[in-house]
Amino acid sequence: MRIIVLGAAAGGGFPQWNCGCPGCRRARAGDARPCTQSSLAVSADGERWVLLNASPDLRQQIQATPALHPRGLRHSPIGAVVLTNADVDHVAGLLDLREAHAFTLYASPDVLGVLAGNSLFGVLNPDLVSRRPLDPGATADLAFPDGPAGLSLEMFTVPGKVALYLEGEAPVLDAEAGHTVGLELRQGGRRLLYVPGCARLTDGLLNRLHGADVVFFDGTVWTDTEMRDAGVGSKTGRRMGHLPIGGPDGSLAGLAGLRAGRRIYIHINNTNPILLDDSRERAALAAAGWEVAADGLEITL
Ligand code: MLT
Ligand code: MN
Ligand code: ZN
């Protein structure tokens, strides 16, 4: 299995277009590595690729990734897309894939329902793009339009909330429902776990992550209140459906006993100090055996 990090940042990217926080200023000045928004590419054979989420930066990500370049007059090695939720940072890139290219689109029934309710996604011609609902807990052999992808996929519910633009008056912040899922991809005995959004650790989730070859986990914020503390927003991580990394209730402590080949934080908000190589938080992760995703990071299992 080959895995490429297309985008390591959370919604907004790093730097975010309208943000002047210290980290974003450093990224603009060339003093911190910029990151595009949340996505992975996965392949069983290094030839045909499955995208895990389609970020608003997808066009730029394809450009930066030779494995995803066309190998013909009109061609793309991208044969399938899998979504973990309906957030803008995970679905807007679908609009980039509209130029008469056939692929298979997998998501939970809830997430496909959101796309169906938004006529803009009608730009994906149904004759070319088949939308396949996958129930959380069910396993599917991923398929490209012209044959098997060589990977099996299981979606599983993760505590989280509906996309920001679907929130009602008082959204449930950590419901385990089909609007937020994690992905487990398998090839032979190899297991990739991708959980870019998670509001709370559960025993079921911990059991599933154990023994994986690679775990990519929600690294949105280090502290729950860091956006407020930085003066860039009023929302907390938990209000956005994201468990913080640090602190006694954070994911670093909660996942301390996790055995996995590699453990990597991804979906990192631009206020999170782990994006800065010289931060003490970055050092704390390294000491605990965790990595920080970066655009272009490649892993072969
Ligand atoms: C999130 O991950 O919480 C969302 O991407 C936030 C957003 O939609 O701006
Ligand atoms: Mn997001
Ligand atoms: Zn910023």
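Hydrogens, waters and symmetry mates play no part in the numbers below; they use all other heavy atoms, side chains included. First listed ligand is number 1; within each ligand, the first listed atom is number 1.
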Which atom of Asp89 approaches the Mn ion (ligand 2) most closely (N/O/S): OD2

Does a donor on one side chain sit under 3.5 Å from an acceptor on the other, for Glu176 and Thr202? no

Phe103 CZ to Asp146 CG distance, which is reported to the nearest 0.5 Å: 14.0 Å

Side chains of Thr36 and Asp295: donor-acceptor distance under 3.5 Å anywhere? yes

Residues Asn85 and Thr180: side-chain donor-acceptor under 3.5 angstrom: no

Contacts of Arg26 that satisfy salt bridge (charged side-chain N to carboxylate O under 4.0 Å, His left out) - sequence neighbours left out: Asp31, Asp278

Partner set under ring pair (Phe, Tyr, Trp, His ring centres under 6.0 Å) for His90, not counting sequence neighbours: His267

Quick one: sort the Tyr265 and Phe217 rings into parallel, tilted or perpendicular, breaks at 30° and 60°. perpendicular

Would you compute the distance between atom CG of Leu142 and atom CG of Leu151 and round it to the nearest 0.5 angstrom? 6.0 Å

same_hphob_cluster(Leu94, Leu68) at 4.5 Å side-chain heavy-atom cutoff: yes

Under-2.8 Å protein N/O/S neighbours of the Zn ion (ligand 3), ordered by chain then residue number: Cys19 SG, Cys21 SG, Cys24 SG, Asn270 OD1

Counting only N and O atoms by type, is there a donor-acceptor contact under 3.5 Å from the side chain of Arg2 to the main-chain atoms of Trp49? no

Sub-4.0 Å heavy-atom environment of ligand 1, residues by chain: Asp87, Asp89, Leu164, Met240, His242, His267

The atom of His267 among N, O or S that is nearest the Mn ion (ligand 2) is NE2

